[in-house]
Amino acid sequence: MCGIIGYTGEKEPKETLLQALKRLEYRGYDSAGIATLEGGDFRVYRCEGRLEGLEAKLKDEHLQSTIGIGHTRWATHGAPIERNAHPHRVGSVVLVHNGIVENYAHHKAKLEAAGRKIQSDTDSEIVAHLIDQKMAEGVAFVKAVQLVLPTLEGSYAFVIMSTTEPNTIVAARNGSPLLIGIGEKEMYCASDVQAILSWTNKVVYLEDKQMAVCTPSRYEILDAAGVPVKSEVKQIKWTADELGKVGYAHFMLKEIHEQPRALTNTIEGNINHSDEIIAIKDLGLFRKNLKAINRVSIVACGTSLHAGLLGKYYIEQFSRLPVEVDYASEFRYRNPILERDNLCIFISQSGETLDTLAAMREAKSRGVPCLAICNVRDSTLAREADATIYTNAGPEIGVASTKAFTAQTAVLYMLAVEMGHIHASLFKTQYQELTREIVRTPFLMEKVLGLEESIKKAAAEYQDFRCFFYVGRGIYYPVALEGALKLKEITYLHAEGYPAGELKHGPIALISEDVVTFVLAPQASSNPPNNPTTSRVYYDKLMANLEEVKARNGKIIAVGTENDSRLAERADVFWALPSAGWAINPMLLSIPVQLFAYHVALNLGTDVDKPRNLAKSVTVE
Ligand code: F6R
């Protein structure tokens with residue numbers, strides 16, 4: 001939710017700020033702006049809409065500055081119009097903000113009573129006024145920021161400049177991500193590391209309530225009382241090359257195709273090949289908590305929640321521990337029943353989703369061991385969790401999550417197998433077979449990607465339908481939810497995921513010849529341990545549900561397993577997956593539903609990587 005960047009150094013910052021904003025645009029893209037400081041005054045450029053508008057505005061501008069800040073917005077307070085775009089300049093101060101200042105109305109009333117004119121509808125401008133007001137009373141820039149911050153309620157990351165200190169950028173964080181990038185005679189402040197990776201891979205992550213004061217040659221981190229604190233400089237392993245599209249039309253398509261590699265990178269290092277056993281290296285000493293637990297809560301949002309639902313099947317089947325799955329936004333406020341011998345697992349691609357972070361803080365405050373599954377190293381979730389298992393999927397830039405989902409699923413699979421081993425609920429032959437199956441999955445995914453041409457054709461055929469159901473049973477049901485989410489978020493078509501058995505309890509009323517039902521019905525080469533008939537029963541019941549749809553003239557796109565002529569004959573479109581076990585099939589099924597959504601979106605001409613109203617990192621509640 002909003003991307004922010006700051007630069008102070010020796011180069012003219014226009015191109016740097018714009019390039020960084022391009023990398024941050026996934027965080028919000030309804031307006032954008034930059035401000036620089038030259039000759040003792042600010043130059044502020046803002047534009048409604050996408051970054052291209054700002055680029056066009058700046059094309060012929062010759063800036064003489066060596067310092068600047070920038071912002072790409074996802075509107076919370078105030079419509080996405082130029083007046084509400086950041087940076088907000090007030091007197092001797094200009095700032096950009098990510099987050100929500102919840103008590104802004106209270107401050108606004110006092111500022112107006114003091115005769116200040118507020119130009120925008122944002123909470124952010126109020127903070128610029130508060131700092132400027134302090135400075136007008138004679139307080140120095142850094143001190144003024146330090147005095148204002150404790151008066152703010154809510155979440156924020158700020159990057160601020162002042163005409164009084166023309167080389168200095170002040171950054172401050174509480175609840176929204178912010179880091180300092182350390183270059184050669186230059187410093188950066190950014191919402192995430194991708195923004196600055198072209199120039200430096202050395203970063204310091206700010207903690208909540210910390211401030212940073214940056215000049216080209218040094219930075220200092222201060223705590224809430226203004227006392228300098230030590231900070232660890234981290235070296236980032238991602239490279240700037242990983243952030244490009246490398247020939248793909250969209251990041252989403254690239255990321256779909258990257259899944260075999262993302263899965264390999266996530267799995268490798270966690271398999272002891274000689275004993276054919278999974279031992280997740282990131283678990284380290286946290287592993288001892290797994291022995292004592294008797295119940296698991298999985299908490300996440302959106303696509304990560306769908307991975308969590310798959311995790312429920314894995315953990316319950318492999319370790320026989322009860323698992324509940326919660327939306328993070330619900331978990332926090334429902335006073336969940338948590339005991340010290342429970343395990344809470346928080347899943348997040350970005351590691352910055354505020355709902356998930358808040359839920360984890362709630363669980364931690366109750367003394368429950370908290371494990372994160374996360375894709376972004378040293379993100380807030382990863383740093384605050386008791387332990388983090390990383391999905392090594394590489395940077396995910398398309399707003400619609402794809403490779404992070406299958407990588408999260410692979411981690412949950414491995415974790416469940418390891419828990420099954422620890423809780424002695426799997427025989428040796430069973431966990432060895434499960435280990436072999438996950439190792440083979442990236443190769444199977446390569447095969448599934450070969451379906452793309454046929455998926456493209458179907459996308460062209462069905463793009464004008466307006467209503468889609470996705471149905472599956474058992475472990476395929478979370479993929480139905482994920483398929484529907486993918487379609488609706490990037491095509492804006494109406495799509496719903498259901499357990500197939502639920503169709504007849506209401507939704508079937510909608511089925512007609514202009515409704516498409518995606519039936520996720522692979523056969524399984526193996527069954528859940530101790531449950532040898534499950535897959536067969538699910539398949540047979542799904543076939544019955546498919547007949548119910550057909551009887552009402554509904555169109556059917558089916559994803560099944562190769563050589564399944566029964567399903568192929570009944571479906572209008574049939575895609576065959578290679579044969580795999582019940583627990584691997586969800587990862588394979590994900591690819592056709594992602595590709596279908598992608599190609600429909602492409603045909604409809606929506607903005608695939610930056611769908612309307614969405615942002616990749618949701619740092620507001
Ligand atoms: C959907 C999507 C979102 C995210 C959700 C959680 O494609 O990307 O639903 O999954 O906002 O984000 P993370 O995983 O970063 O916590």
Side-chain angles (χ1 to χ4, degrees), residues 306 309-314 316-318 406 409 413 416 430 433-434 436-438 440-441 444-445 447-448 451 454-455 458 468-484 496-505 507-508 511 515-552 554-594 596:
H306 298 155
L309 288 169
L310 291 171
K312 174 181 168 72
Y313 286 89
Y314 292 146
E316 289 189 344
Q317 295 307 315
F318 296 160
T406 42
T409 306
Y413 176 106
Q430 286 174 322
E433 179 53 24
L434 289 166
R436 280 195 289 275
E437 285 194 31
I438 191 70
R440 178 165 95 88
T441 305
L444 300 179
M445 284 181 137
K447 278 195 169 178
V448 181
L451 292 170
S454 153
I455 293 171
F468 293 78
F469 283 108
Y470 286 72
V471 299
R473 277 178 177 257
I475 198 163
Y476 309 138
Y477 153 58
V479 188
L481 295 178
E482 177 58 9
E496 287 186 69
Y498 271 102
E502 273 296 299
L503 268 188
K504 59 186 176 294
H505 296 291
I508 202 164
I511 300 290
V515 173
V516 180
T517 301
F518 254 81
V519 178
L520 306 181
Q523 295 177 336
S525 61
S526 64
N527 276 292
N530 315 317
N531 220 345
T533 55
T534 316
S535 296
R536 187 79 238 158
V537 172
Y538 278 151
Y539 177 81
D540 288 342
K541 302 272 178 213
L542 250 168
M543 291 305 287
N545 300 138
L546 179 151
E547 296 296 352
E548 291 156 10
V549 174
K550 269 186 87 70
R552 287 152 184 90
K555 294 279 181 288
I556 290 173
I557 299 181
V559 193
T561 303
E562 56 199 7
N563 302 325
D564 185 348
S565 50
R566 185 175 162 207
L567 183 56
E569 277 161 20
R570 282 164 177 73
D572 297 287
V573 175
F574 174 69
W575 299 320
L577 304 178
S579 171
W582 70 281
I584 300 300
N585 273 332
M587 289 173 256
L588 306 186
L589 276 173
S590 304
I591 293 176
V593 297
Q594 294 165 350
F596 182 76

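Here the structure is a predicted model, which means the values were calculated and not measured. Excluded from the calculations below are hydrogen atoms, water molecules and symmetry mates; all remaining heavy atoms, backbone and side chain alike, are included.
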Side chain to side chain contact (heavy atoms under 4.5 Å, CB included) between Leu309 and Glu482, intermediate numbers included: CA-CA 10 Å; Leu309 288 169; Glu482 177 58 9; over 6 Å; no
Residues forming a side-chain hydrogen bond (donor to acceptor under 3.5 Å, both in side chains) with Ser579, sequence neighbours excluded: none
Asp572 side chain vs Ile557 backbone, donor-acceptor pair below 3.5 Å: no
Pairwise distance CZ(Arg552) to OG1(Thr517) - rounded to 0.5 angstrom: 11.0 Å
Verdict with supporting geometry, Thr534 and Trp582, side chain to side chain contact (heavy atoms under 4.5 Å, CB included): CA-CA 9 Å; Thr534 316; Trp582 70 281; over 6 Å; no
Interatomic distance, Leu567 atom CG to Tyr539 atom OH [nearest 0.5 angstrom]: 5.0 Å
Gap separating the CG atom of Asn545 from the NZ atom of Lys504, nearest 0.5 angstrom: 5.5 Å
Side chain to side chain, Tyr477 and Tyr313, heavy atoms closer than 4.5 Å: yes
Nearest non-hydrogen partners of Pro522 and Leu577, listed with the distance: CB-CD1, 4.3 Å
Euclidean distance, Glu548 CD relative to Ile508 CD1, rounded to 0.5 Å: 5.0 Å
For Asn563, side chain to side chain contact (heavy atoms under 4.5 Å, CB included) partners two or more places apart: none
Spacing of Trp575 atom CH2 and Thr561 atom OG1 [to the nearest 0.5 Å]: 14.5 Å
Set of residues satisfying salt bridge (charged side-chain N to carboxylate O under 4.0 Å, His left out) with respect to Arg440, sequence neighbours excluded: none
Under the salt bridge (charged side-chain N to carboxylate O under 4.0 Å, His left out) test, residues paired with Glu502 that sit two or more places apart: none
Heavy-atom closest contact (Leu542 atom, Leu520 atom, distance): CD1-O, 3.2 Å
Student check: side-chain heavy atoms of Glu496 and Pro507 closer than 4.5 Å: no
Test item: Lys550 and Ile556 side chains (from C-beta on) under 4.5 Å apart, heavy atoms: yes
Least distance between heavy atoms, Ser526 atom then Glu437 atom: OG-OE2, 3.3 Å
Cationic N near anionic O, under 4.0 Å, Asp540 to Arg566: yes
Arg436: partners by side chain to side chain contact (heavy atoms under 4.5 Å, CB included), with sequence neighbours left out: Glu276, Gln432, Glu433
Non-neighbouring partners of Ser535 that pass side-chain hydrogen bond (donor to acceptor under 3.5 Å, both in side chains), sequence neighbours left out: Asn527
Minimum side-chain heavy-atom gap Ile475-Gln317 below 4.5 Å: no
Side chain proximity check, Tyr413 to Ile584, heavy atoms < 4.5 angstrom: yes
Neighbour count above 12 (heavy atom, 6.0 Å) for Lys541 NZ: no
Nearest non-hydrogen partners of Gly581 and Ser525, listed with the distance: N-OG, 3.1 Å
Parallel, tilted or perpendicular: rings of Phe318 and Tyr314 (30°, 60°): parallel
Test item: Pro592 and Phe518 side chains (from C-beta on) under 4.5 Å apart, heavy atoms: no
Spacing of Leu310 atom CG and Asn585 atom CG [to the nearest 0.5 Å]: 11.5 Å
Side-chain touch Met445/Leu588, heavy atoms, less than 4.5 angstrom: yes
Heavy-atom check, side chain of Leu451 versus side chain of Ile591, under 4.5 Å: no
